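Worksheet for the structure shown next.
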Amino acid sequence: MAKKYVYKFGGGKADGTGEMKNLLGGKGANLAEMCNLAIPVPPGFTLTTEVCTAYYDSGRKYPSELEGQVKQALAFVEKLMGRKFGDPKRPLLVSVRSGARQSMPGMMETVLNVGLTDSTLQGMIDETGDPRFVYDSYRRLIMMYSDVVMEKAAGIEPAEGQGIRGQLEHLMEARKHARGVTLDTDLTAEDLKILSEQFKAKVKELLGKPFPDNAMEQLWGGIGAVFSSWMGKRAVEYRRIEKLPAHWGTAVNVQAMVFGNMGDDCATGVAFTRNPATGENAFYGEFLTNAQGEDVVAGIRTPAPINDSSKNEANKVNRTLEEVMPEPYRQLNQIRLKLEAHYKDMQDIEFTIERDKLWMLQTRNGKRTGNAAVRMAVEMAESRMIDRKTAVMRVKPEQLLELLLPMLDPKVEAATLPAAKGLPAGPGGAVGEIVFTADDAASRAKAGHKVLLVRAETSPEDVHGMHASEGILTSKGGMTSHAALVARGWGKCCIVGCSALQIDMRNRTLTIGGKVYREGDVFSLNGTQGKVYDHALPMVFPDLEHNECYMKIMAWGDTFRKIGIRTNADTPEDANRARKFGAQGIGLFRIEHMFYGEGSDHSLFLLRKMIMSKSVEERTEALNELFPFMKADIKRTLAVMDGLPVTIRLLDPPLHEFVPRAQERLEELAASLHIDMNDLHKRAESLHENNPMMGHRGVRLGVTYPEITETQIRAILEAAAELIKENKKALPEIMVPVTCTSKELDCQKVIVDKVHKEVCEKFGLKKVPYLYGTMIEIPRAALTSDKMAETAEFFSFGTNDLTQMSFGFSRDDIGGFLSDYLEQKLLPEDPFATIDNEAVAELIKISIERGRKTRPNLKVGICGEHGGDPASVRFCHSAGLNYVSCSPFRVPIARFAAAQAAIIDEQKAAAAAPAKAVKKAAKKASPKKAAPKKAAAKKAAPKAAPKKAAPKKVAKKAAPKAAAKTVKKAAKKAARRAGR
Ligand code: PEP
Ligand code: MG
């Protein structure tokens, strides 16, 4: 039997169903489904996506069976409509539209009114008695056809503004001008007739071919143009951004035309079964009387609201569809309810009313804002339309950000072109005056201005200005650059790596694409999408605490979630905020970050003094001065977390970040160290490293200067001991960074044991509970995890560095070339944003496997920036991590992504269960094979559900033998280096 390439629909039945999206495209499948539901749909047929693939596979030729099948389907439509295609008396007109599996709004082509020719034109006029309507339809066909089929599909690329459509629009404008009217609807039948002739002449003149006067030729031209548009520039670019594969192909829908432009008892419109902006369960839509669909979208006339709940400032003066055409509106509302009950989701629908008769042209799941997504999911679950798991799956984790942060008004933004684009480093929106230095940001903010700090990149010296700013914009840097890390931690809007910015510090100007902006000019940033606007956009502020739907859906998600969620927090304020967002502990408290924030000037100064010290005495003096600050900060954070685990990461400052640059600061430092500026410069120079990211940082500092480790451990354990003495709870986890060999861990553990003993004695305690573990952020550490786990009680994957060191990409410089890698498809995505599946994920899996072989109850988490990325959270769930840790504002996103990962697992297992059960039953029926022991369903239980760390004994709690020796050696070496 010949392959079926064409599927018919109409007259209350269809060859296809709503399930067949892959073959019929979204539009075709839903048209079929609506027919099957006895919803009035103009009859038509769908050419499958397989035609598209075959067309491209065979050098743009159709399968031989296609023509016959199209003819047959056309006859089916003709019969239902009582008309004939190309017939001069009762002509059938059709629309030709695209329809991929997933909607690609505006990316592909449509041709309406196909079948109008000189002869059918007259037939239509005789039949309708309305020459104005017929000539209006004709001039639309010529415009669309010449644009879509004769120009675009033919590969003609006219210069900007020189396209055929624009030229024809000029002719129309000229006509309106000559007649002294402003609206298209003011043109008479005679005007439109003259225009149609002018259009045809222009087409021939510009495109060198006449507009075809044959219905069949028009139909095949339209079909070919839709298939061609699948490989058109816009569609290819859209697929690249949305990561849709080219091999899907598009379907083509040919459908009998119904007319919304036949007079005042006709209309066309677009509606949503619920409000897509707020989620309110109220029918929402717009329409135009006496118009065709394209007019609603094109914005030539302001559409009117379909009912009172669709009124806004711009359209509230217009009469509603409910008032103008009550009966079609009543039917439309009924169809709305039917469709929603059937699809169990909010639908985006298109309709046309022809002489008071309602026709449905499209239905599909509607796009919605984050707020609307949450509200609809909760309300649908509460009305039992869907279950709670489905409700949780309905909201994209990233959409939750919209609920948490002030953002640019999405409605206004949708109608605005960005001036530039960068990497979306810190979420939310920000509007303010641009400034180019941190000091200016701080002083202007103090004077009451809202500012945006624009820098090439930021450093710890900019922190006060960053903090004072509404948002941060840098021309350099990647997703884990200083600006990105700090901003994300604060939940501050930030865009980095925006390479279109040219900053001139001398003249305090910013140039984008040749346009010059000065300090004080107002910009708006969308940090969630990385978009920069060169003027003020309105902001909208969310109110979370009173958002009942948000609270409910988060709680539902938590009932399904299997892994824990912690936060990366460096201050008690951050810790508090993260707990409110649902964090179950701190996965990364970076000691050095306590020197960044506001009011930390003195401790930063002491840290710098410690870094610039040369002798052990000097260093110890600085450390002793630093100690009370460190202890107090740690204690406050432990207290806020109230017995929840707090992973405190020992100092890991890339030293270059902390050497001050300002003269005044350098002088202060010299005075405090009792040395002159010459000496200070020499010391600063000696700290200079060619490759500081791989230099003297992390555990390496503790190896060279054990006193640095000792001070930190004492601060941590004394803070915990004091809380215990105050009858409070504290659970510190001491984490050693940048380790590459288990011996480093052993050597630092000796210090920890010694300090622990001393603190217990000082506070009269038997023990201060703590865990000792390491970050796994160097590939060597990952591969030697069996050894690492002999000493480490927990691992936390520092995937920022693990990615940097696996790829050899500098995390601070990748912004400069990442876009080339993405554009040329050398990388699927930014590996600093989403865990690289091929290598970094593999290292993590190997590390967990080896680590847990040594220590089965090894606790494993992640604290790199990936901990807040939904795709990476899904990976962490399936790799068996105990928790993910991310910045406070990403906690809800991680919670939700983890819940969805668990639900997906469960669904996969359930889907596999019947197949397995059948296999087992077959086995059982076979006399040769042994009967299975367990029920099939049990066996199909989710494999990937992460094991909770079983409180088994440590396989080999290796007391580090060589450690004491190593420490002694290290101390000697350090002494040598320090010139003792
Ligand atoms: C990491 O490397 O992933 C990490 C969390 O540490 P940092 O970003 O401080 O280097
Ligand atoms: Mg690191």
Side-chain angles (χ1 to χ4, degrees), residues 425-426 458-460 463 477-489 496 566-571 574 586-596 607 646-658 691-702 712 733-740 744 773-782 794-814 830-836 840-841 843-844 847 860-869 872-873 875-876 881 883-888 890 894:
T458 64
S459 77
V463 165
M479 292 293 275
T480 58
S481 60
H482 178 262
L485 274 182
V486 174
R488 220 172 4 248
V496 298
R566 295 198 193 179
T567 188
N568 294 359
D570 312 307
T571 62
D574 276 357
I586 291 184
L588 179 62
F589 174 100
R590 294 174 167 105
I591 285 196
E592 68 271 17
H593 277 214
M594 71 171 71
F595 307 107
Y596 285 171
L607 178 77
V646 177
T647 310
I648 302 166
R649 203 267 304 268
L650 302 185
L651 268 176
D652 177 22
L655 292 182
H656 67 293
E657 272 192 14
F658 286 92
N691 202 343
M693 274 291 186
M694 298 205 185
H696 202 186
R697 59 178 284 213
V699 68
R700 297 158 203 176
L701 286 174
Q712 297 176 81
E733 297 178 341
I734 298 166
M735 181 157 77
V736 186
V738 202
T739 48
C740 61
E744 291 166 321
T774 185
M775 288 185 85
I776 302 286
E777 48 187 344
I778 294 182
R780 191 183 193 281
F794 67 88
F795 287 173
S796 178
F797 291 101
T799 42
N800 301 336
D801 275 312
L802 193 58
T803 302
Q804 169 166 265
M805 302 210 202
S806 299
F807 280 86
F809 288 152
S810 157
R811 50 195 270 193
D812 285 341
D813 302 310
I814 190 172
D830 179 353
F832 287 98
T834 298
I835 288 179
D836 157 54
V840 179
L843 280 170
I844 292 175
S847 169
V860 181
I862 177 175
C863 62
E865 286 301 302
H866 303 86
D869 165 62
S872 309
V873 172
F875 161 75
C876 293
L881 271 76
Y883 68 86
V884 298
S885 185
C886 54
S887 45
R890 294 197 79 84

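The shown structure was predicted, so the numbers you read here are calculated from the model rather than taken from an experiment. As the structure lists them, so they are numbered: ligands from 1, and atoms in each ligand from 1.
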Residue-level breakdown please: for Leu588 versus ligand 1, do any non-hydrogen atoms fall below 4.0 Å on the side chain, on the backbone, on both, or on neither? side chain

Side chain, backbone, both or neither: the part of Gln804 lying under 4.0 Å from ligand 1 by heavy atom: neither

Would you confirm whether His866, through its side chain, and Val884, through its main-chain N or O, come within 3.5 Å as a donor-acceptor pair? no

Checking Ser887 side chain against Arg890 main chain: does a donor-acceptor pair fall under 3.5 Å? no

Distance in Å, [X] [atom1] paired with [Y] [atom2], rounded so as to fall on 0.5 Å steps:
| X | Y | atom1 | atom2 | result |
| --- | --- | --- | --- | --- |
| Ile835 | Phe797 | CD1 | CZ | 9.0 Å |
| Phe794 | Ile734 | CZ | CD1 | 8.0 Å |
| Ile591 | Met735 | CD1 | CE | 10.5 Å |
| Ser796 | Ile776 | OG | CD1 | 9.0 Å |

Go through the steps for Ile844 and Thr799 under the test side chain to side chain contact (heavy atoms under 4.5 Å, CB included), then give the verdict. CA-CA 9 Å; Ile844 292 175; Thr799 42; 3.9 Å; yes

Of the listed options (Ile778, Asn800, Leu802, Asp652), which comes nearest to atom 1 (C) of ligand 1 when hydrogens are ignored and any heavy atom counts? Asn800

Among Arg811, Arg697, Glu865, the residue with a heavy atom nearest to atom 8 (O) of ligand 1 is Arg811

Within a distance under 2.8 Å of the Mg ion (ligand 2), the protein atoms of type N, O or S are Glu777 OE1, Asp801 OD2

If the cut-off is 4.0 Å to any non-hydrogen atom of [X], which atoms of ligand 1 fall inside it?
| X | result |
| --- | --- |
| Glu777 | 1 (C), 2 (O), 6 (O) |
| Gly864 | 3 (O), 5 (C) |
| Gly798 | 1 (C), 2 (O), 3 (O) |
| Arg649 | 6 (O), 7 (P), 9 (O) |
| Cys863 | 5 (C) |

Side-chain donor-acceptor pair present, Arg566, Thr647, cut-off under 3.5 Å: yes

Check whether any N or O atom of Thr799, backbone or side chain, sits under 3.5 Å from an N or O atom of ligand 1, and answer yes or no. yes

Between Arg811 and Asp801, is the side chain to side chain contact (heavy atoms under 4.5 Å, CB included) condition met? List the steps. CA-CA 8 Å; Arg811 50 195 270 193; Asp801 275 312; 3.2 Å; yes

Please step through side chain to side chain contact (heavy atoms under 4.5 Å, CB included) for the pair Glu744 and Thr774, ending with a clear verdict. CA-CA 10 Å; Glu744 291 166 321; Thr774 185; over 6 Å; no

A side-chain contact here means heavy atoms from C-beta on lying under 4.5 Å apart; do Val738 and Asp652 qualify? yes

